[in-house]
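Below you'll find the structure, written out as structure tokens, and then a few comments.
The figures that follow rest on heavy atoms only: side chains count, while hydrogens, waters and symmetry mates do not. Read the numbers this way: they start at 1 and go in the same order the structure lists the ligands and their atoms. Sequential numbering from 1 along the given sequence is applied to the chain's residues.
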Amino acid sequence: MADEKQNERMEKLVSLCKRRGFIFPASEIYGGLNGFWDYGPMGAELKRNIKNAWWHDMVIDRPIGPDGQEVSIVGLDSAIIQNPRTWEASGHLAGFTDPMVDCKECKARFRADQVFVLGWISEPELRRFNEEVRVLFIPEGESLSQIDTEEVERLLKHEVRRAPKPYLKSVVASEAGEAERNCKLSSREAKHLGKTFPMKPYRLTDFVVTFANRLPPAPCPGCGKEGCLTSPRQFNMMFKTFVGASEDSASAAYLRPETAQGIFNNYLNVLNTSRVKVPFGIAQVGKAFRNEINPRNYTFRSREFEQMELEFFVPPDKGREWYEFWRSQRIEWYKKHGLRSDHLRPREQGKDELAHYSSACTDIEYLFPFSDEPQELEGVAHRGCYDLSRHQEFSGKDMSFFDDEAWLADQPKFADKSKEEQTKIKNAEPYRYIPHVIEPSAGVDRFTLAVLCEAYTEDQAPDEKGVMQTRVVMKIHPRLAPIKVAVFPLVRKDGMPEIATELYGRLKRRWVCDYDEKSAVGRRYRRHDEIGTPFCVTVDGQTKEDGTVTIRERDSMTQTRVKLEETEAWIAERLTV
Ligand code: ATP
């Protein structure tokens, strides 16, 4: 839990975001909707700048890769609703399904396995429940309900904890049926169990659901009351909808829980139509939806959010090199946009936390004021060939990449081999392979929140009368600031508004600008400090005399006199990154 000071800081930030038009609760006039947020005029600009900065640095002005060449990345904008087979292949239909229990007292909802099993198994193991179908074996002929309560407890306490041990085996399967078909115990495992073949597999989550009522009664983790939890029921975090007029299972579809799968679905299209070859990346920015059980921490865990995802396809033997490249690129990107390095923590996931298909993953975490522990902003994962292999399996389309240049260069080496042998060599690594994927996957809303948290500053500054007052200033990186320049006439007379309007008209062609002639100039400065405008330009009495204006810098509050005609260049120099 964050301490009181941090909580107070968070409260102040939330109130500023409301007051200044950064973030509003979604559909607030109807009481809002838990887990949904709307971005106001300032928030919309800030978010747009974040997405543009990412897109610019990924797709337009691409970095130099570890091989000294500019990396190859193209953009994509895929549909939110994809063919539902997509989610079977990706594992989301099975893996995103959790048994849930509701508390009848406090109305909170929890994952059943967490309520009943937590304490017996470790958190990382629990996390893996989401990503793998864990299968429990019981002798064929017995059904789950025949196992007595003591045996259930023994299984949970001992077998689940020390998986894969007798009875329990983790398998890659997107659905229970598939697990049953594909998952068999080896005879060595069966012997180890002391059981005779055949054994029947069950999904571990089904097991928890089946036995929930026979497990020791668990108190509600929210309100602590006993006996108020409902029986578990299956709950998928994907939002379901129906395509077309009828609402039957054949027309069921899902709002995407991540943008990545739209990229994999288009991998062949892009490969065949763009002039790219492995290694290359496909970048996408867009909405994702997850019916989070417990949306919390302001916008941090929402049910509708945006992602900026890159799927970078590499030769299998170059995976580690590219993984390390993207990890450091992404950390530097956050630092470049103003996140302090002591608030940023790259956390390499331990072996026990990794998804079964992933060989490495780093969570880039940020220390938000609402928590003592840094929280995930972005995950950079080495996903192996899992995604493309799965889509190849489910779609029947060949996802392999053939490196014709490498083959042509090497072919003479195999001239003495038979045609058959040559074909065999040609169709195997390093010439033909399913590319491995490095995935830097970032949350737009989480980075937006991090920028806001980092920017919130209180300092002391003199007011109109020279009395020191607390000044609230949002020190947002200039590249991301919603408004870049504000133009004021000092007073609404003596030709000042005319000069200021003309200057504003010129600057707004280039940047998002604000023109303000109402209230005292000090109050105008305060307002722009609170929305993070880096520069305020004031046209005053001296402007008419010597053709100069005052430019005030947000953070230092220093004021510089600059020639009217040099204003644009002066600002441009300081806004470039
Ligand atoms: P978490 O463990 O926090 O639920 P995750 O590991 O499930 O996150 P990914 O599936 O890796 O997240 O998604 C990539 C990124 O998308 C995350 O790093 C995060 O920035 C963002 N993201 C994921 N879920 C949410 C959410 N509910 N609200 C806002 N952003 C999210």
Side-chain angles (χ1 to χ4, degrees), residues 23 26 33-39 43 47 50-51 54 87 90-92 95-98 109 111 114 123-124 126-132 236-239 255-264 283-312 323 326-327 330-331 333-334 337 339 344-350 353-355 357-358 360-368 370-371 373-383 386-387 437-453:
I23 301 171
L33 188 60
N34 195 11
F36 296 88
W37 298 93
D38 292 339
Y39 287 81
K47 247 180 108 175
I50 285 174
K51 290 184 279 183
W54 185 88
W87 312 113
S90 69
H92 283 91
F96 247 42
T97 306
D98 288 331
R109 174 170 284 175
R111 271 177 44 185
Q114 293 194 348
E123 285 272 2
L126 267 178
R127 265 200 293 274
R128 286 220 307 246
F129 279 19
N130 286 336
E131 289 159 354
E132 297 176 349
N236 192 294
M237 272 168 68
M238 284 196 292
F239 282 97
L255 303 194
R256 66 181 176 200
E258 61 178 30
T259 64
Q261 299 304 323
I263 297 181
F264 297 126
Q284 168 156 242
V285 177
K287 291 265 185 181
F289 303 82
R290 293 182 192 177
N291 203 355
E292 294 279 358
I293 306 313
N294 191 5
R296 63 185 175 278
N297 292 332
Y298 202 24
T299 55
F300 180 84
R301 189 170 298 288
S302 310
R303 289 180 164 141
E304 175 177 338
F305 53 96
E306 271 184 284
Q307 292 183 312
M308 307 183 284
E309 293 197 294
L310 170 70
E311 303 304 324
F312 199 77
Y323 164 68
W326 280 114
R327 187 175 56 180
R330 297 303 303 146
I331 295 166
W333 194 79
Y334 288 112
H337 290 98
L339 296 197
L344 268 180
R345 183 180 74 170
R347 192 181 64 85
E348 178 107 36
Q349 286 189 5
E353 281 177 89
L354 288 172
Y357 46 79
S358 178
C361 182
T362 297
D363 286 346
I364 302 176
E365 299 179 329
Y366 178 75
L367 192 60
F368 288 94
F370 54 71
S371 166
E373 282 296 312
Q375 305 287 327
E376 179 179 331
L377 275 185
E378 168 163 351
V380 181
H382 182 338
R383 299 176 61 89
Y386 175 75
D387 306 280
V437 168
I438 310 302
E439 179 193 71
S441 168
V444 180
D445 306 77
R446 287 196 186 169
F447 181 43
T448 305
L449 186 56
V451 167
L452 290 166
C453 291

Pick whichever of E376, E304, M237, Q349 has a heavy atom sitting closest to atom 17 (C) of ligand 1. E376

Taking the minimum heavy-atom distance to atom 25 (C) of ligand 1, which of R301, R290, R446 ranks first? R446

So is D445 polar-close to ligand 1, meaning N/O to N/O under 3.5 Å? no

Strictly under 4.0 Å, does any heavy atom of F447 approach an atom of ligand 1? no

Ring-plane angle category for W87 and H92, please: parallel below 30°, perpendicular beyond 60°, tilted otherwise. perpendicular

Atoms in ligand 1 with a heavy atom of E378 nearer than 4.0 Å: 18 (O)

Of the non-hydrogen atoms in G35 and P295, which two are nearest, and what is the gap between them? CA-CB, 3.6 Å

So, is A442 polar-close to ligand 1, with some N/O to N/O distance under 3.5 Å? no

Which atoms of ligand 1 are found less than 4.0 Å from any heavy atom of G443? 20 (O), 21 (C)

Can an N or O of Q307 be found at a distance shorter than 3.5 Å from an N or O of ligand 1? yes

In terms of heavy-atom contacts, R446 and L377 come closest through O-CD2, 3.5 Å

Does the distance from a Lys or Arg side-chain N to an Asp or Glu carboxylate O, for R327 and E348, drop under 4.0 Å? yes

Indicate, as side chain, backbone, both or neither, the part of L377 found under 4.0 angstrom from ligand 1 when only non-hydrogen atoms are considered. backbone

Ring-plane angle category for H337 and F447, please: parallel below 30°, perpendicular beyond 60°, tilted otherwise. perpendicular

Aromatic ring pairing F300/F368, orientation class (parallel under 30°, perpendicular over 60°, tilted between): perpendicular

Looking at residues at least two apart in the chain, or sitting in another chain, which of them share a salt bridge (charged side-chain N to carboxylate O under 4.0 Å, His left out) with E309? none

